Q: 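So that we are looking at the same thing, I have put the structure below in structure tokens.
Position 1 is the first residue of the sequence; numbering continues from there. Since the structure is predicted, the reported quantities are computational estimates derived from the model, not experimental observations.
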Amino acid sequence: AGVKEDSFNVLDLAEYTKNRPWWRKIFAPNSGSSAEKYNVATQLIIGGVTGWCTGFIFQKVGKLAATAVGGGFFLLQIANHTGYIKVDWKLVERDMNKAKQQLKFHSSGNKMAPEVKSRVDEVIIFLKKNVILTGGFAGGFLLGMAS
């Protein structure tokens, strides 16, 4: 009796996705710019809604963070004034000067790491390909921050 052998092709996903950009891994192998898929009104609506949501969330989180940081400094000043804690201001000044020197040293080179430069280039290419979506996002973000 003839035994039928099934042959399967094995797809190595690690090799398949090694040299592909992250957005193509997520969306589809042939996902191009949004200009190829959606009309201008749809791109503006998608960009505006996502921008507004992002701006609104940034506004709320920013207020919360500012309140927490300001409240923390306020409590530290009260504790310092009442004598619960003692701040060594000479040590703070020395550490701040050391940090300034390190910042001057690192900023004098003005060279980006190759990994950062390649990511920045990818973002710039994405923004150029999707300029309408990006414009809608920016406008929505500003409206969300103002809400």
Q: Are K128 and I124 close enough that some pair of their side-chain heavy atoms sits under 4.5 Å apart?
A: yes
Q: Quick one: list whatever passes side chain to side chain contact (heavy atoms under 4.5 Å, CB included) with V40, sequence neighbours left out.
A: L44, I132
Q: Only pairs under 3.5 Å count here: list side-chain donor-acceptor contacts from residues 87-98, not counting sequence neighbours, and write none if there are none.
A:
residue	atom	partner	partner atom	Å
N97	ND2	E93	O	3.3

Q: Return all side-chain donor-acceptor pairs below 3.5 angstrom for residues 133-147, not counting sequence neighbours, or 'none' if the list is empty.
A:
residue	atom	partner	partner atom	Å
T134	OG1	N130	O	2.8
S147	OG	W52	NE1	3.0
S147	OG	L143	O	2.8

Q: List, by chain and then residue number, the residues other than I45 in its hydrophobic cluster (Ile/Leu/Val/Met/Phe/Trp/Tyr, side-chain heavy atoms under 4.5 Å); write none if there are no others.
A: V49
Q: Taking only residues two or more places apart in sequence, or in another chain, which ones meet T54 in a side-chain hydrogen bond (donor to acceptor under 3.5 Å, both in side chains)?
A: none
Q: Which value, rounded to the nearest 0.5 Å, describes the distance between T82 atom OG1 and Q77 atom CD?
A: 10.5 Å
Q: Can you give me every donor-acceptor pair (side chain of residues 60-74, partner residue at least two apart or in another chain, under 3.5 Å) with its distance?
A:
residue	atom	partner	partner atom	Å
T67	OG1	K63	O	2.8

